[in-house]
Amino acid sequence: MTIEQVAQILNAEFVCCEENKHNEVHSACGSDMMSDVLAYVKDQSVLITGLCNPQVVRTAEMMDMVCIVFVRGKRPSDEAIALAQQKGLVMMTTQHRMFSACGLLYSAGLIAGESC
Amino acid sequence: MEHLHLEYDVDGNNFVSAGQATENVKFCLKGLGVNPQDIRRIAIAMYEGEINMVIHANGGKAIADIYLDKIVVQLIDSGEGIANIEQAMQPGFSTATEDIRSLGFGAGMGLPNMKKYTDDFAIESTLGVGTKITLTVKF
């Protein structure tokens with residue numbers, strides 16, 4: 001699916017880099033622990049998280065992810081937004097909680113992907 | 001290109017800037033056309049090291065040497081050192097505070113991750129002196 005479809009499914013609002021919404025994504029990972037993302041994730045393109053600091057962007061960047069979804073209506077810090085803009089990383093925020101957001105995307109066909 | 005030498009100061013008082021050295025190294029490796037999987041392996045390992053230096057050791061130095069067939073990264077700090085390296089290498093063991101966990105780190109995966117993603121991992125630490133970690137990824 002496209003990033004735009006992710007936003008539609010989650011009724012999410014784009015925070016930055018909406019211009020990249022036509023990019024394709026196939027798999028996702030949900031976590032508030034960046035250490036776990038770095039430890040277990042491989043080739044996932046969407047990060048679903050409730051953590052809002054700039055290290056979320058850096059973690060996504062290290063893992064070559066292209067989109068971050070913030071759950072529970074959270075908004076990333078200005079520093080995090082600035083960093084994501086530099087990298088063209090799409091950010092969006094949804095009112096859904098982590099479990100619902102993951103479930104909705106999974107039901108719509110986004111997979112967990114291979115873990116390391 | 002025979003050898004590219006890069007040095008960075010990692011600011012121990014700035015959690016926001018942690019990871020900048022890794023970003024720069026990643027950018028260089030991309031420019032050199034290194035295999036993306038190898039770039040990701042060293043990026044994860046170096047980033048974990050940078051974060052560790054910021055949260056545990058008040059910063060330090062990150063040195064990257066890029067050769068035709070490998071990258072060697074040294075992470076050197078003057079922090080308090082690691083009392084029991086074997087224990088610190090156990091997945092899940094962490095001395096991080098709740099504050100650090102609330103930032104998304106301190107799950108006790110840093111050192112195990114560095115070992116997991118690299119072809120060679122070496123750690124030397126002396127209490128009261130500091131820690132030196134050497135990471136090697138072969139291309």
Side-chain angles (χ1 to χ4, degrees), chain A residues 16 23-24 26-27 29-66 68-72 74-89 91 98 113-116, chain B residues 10-11 14-27 29-30 34-52 54-56 73 89-94 96 98-118 137:
Chain A
C16 73
N23 288 345
E24 284 279 335
H26 301 285
S27 56
C29 145
S31 180
D32 286 352
M33 284 307 284
M34 295 303 106
S35 303
D36 284 347
V37 175
L38 293 165
Y40 300 113
V41 168
K42 190 181 177 190
D43 287 334
Q44 278 83 344
S45 37
V46 180
L47 174 61
I48 305 155
T49 187
L51 198 69
C52 295
N53 67 50
Q55 295 306 336
V56 175
V57 181
R58 287 240 161 76
T59 300
E61 150 88 357
M62 298 305 164
M63 308 306 287
D64 301 313
M65 291 169 147
V66 295
I68 305 175
V69 177
F70 295 95
V71 293
R72 306 188 287 276
K74 293 199 172 186
R75 291 195 76 84
S77 65
D78 290 346
E79 287 155 327
I81 295 172
L83 202 56
Q85 279 169 333
Q86 272 176 32
K87 299 171 194 315
L89 220 146
M91 280 177 162
M98 173 75 88
E114 189 188 344
S115 62
C116 282
Chain B
V10 177
D11 183 353
N14 192 345
F15 180 72
V16 172
S17 68
Q20 268 179 1
T22 305
E23 270 179 14
N24 282 325
V25 167
K26 194 177 177 204
F27 184 78
L29 292 173
K30 265 189 186 169
V34 173
N35 175 337
Q37 296 295 333
D38 292 332
I39 296 179
R40 192 187 299 175
R41 289 198 294 132
I42 193 64
I44 294 170
M46 185 176 172
Y47 178 53
E48 288 278 19
E50 254 194 277
I51 291 281
N52 267 358
V54 172
I55 64 183
H56 293 296
V73 172
M89 289 303 300
Q90 298 296 316
F93 176 83
S94 177
E98 270 309 308
D99 280 356
I100 289 163
R101 286 174 205 267
S102 70
L103 295 169
F105 292 91
M109 296 306 293
L111 291 175
N113 264 355
M114 286 184 229
K115 188 171 182 187
K116 174 179 167 183
Y117 287 109
T118 52
V137 165

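Lettering follows sequence order; numbering is per chain, from 1.
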Subject >> Segment of B:I39 engaging chain A (4.5 angstrom heavy-atom cut-off) >> reply: neither
Original post:
Do the side-chain N and O atoms of B:Y47 and A:E61 include a donor-acceptor pair separated by under 3.5 angstrom?
Top reply: no
Could you list the donor-acceptor pairs under 3.5 angstrom formed by side chains in residues 101-114 of chain B, with sequence neighbours left out?
residue	atom	partner	partner atom	Å
B:R101	NH1	B:G106	O	3.0
B:S102	OG	B:D99	O	2.6
B:N113	ND2	B:E48	OE2	2.7

Original post:
Checking A:S77 side chain against A:N53 main chain: does a donor-acceptor pair fall under 3.5 Å?
Top reply: no
Subject >> Selection from A:L83, A:T59, A:D36 maximising heavy-atom pairs under 4.5 Å formed with chain B >> reply: A:T59
Original post:
Hey, does A:P76 have a side-chain heavy atom less than 4.5 Å from the side chain of A:M91?
Top reply: yes
**OP:** Would you please name every residue forming a side chain to side chain contact (heavy atoms under 4.5 Å, CB included) with A:V66, sequence neighbours left out?
**Re:** A:I3, A:V25, A:S45
Original post:
So which part of B:Q37 gets closer than 4.5 Å to some heavy atom of chain A, the side chain, the backbone, both or neither?
Top reply: side chain
Original post:
Among A:E79, A:Q55, A:M63, who wins on heavy-atom pairs under 4.5 Å with chain B?
Top reply: A:Q55
Original post:
Checking A:L51 against chain B: side chain, backbone, both or neither under 4.5 Å from a heavy atom?
Top reply: side chain
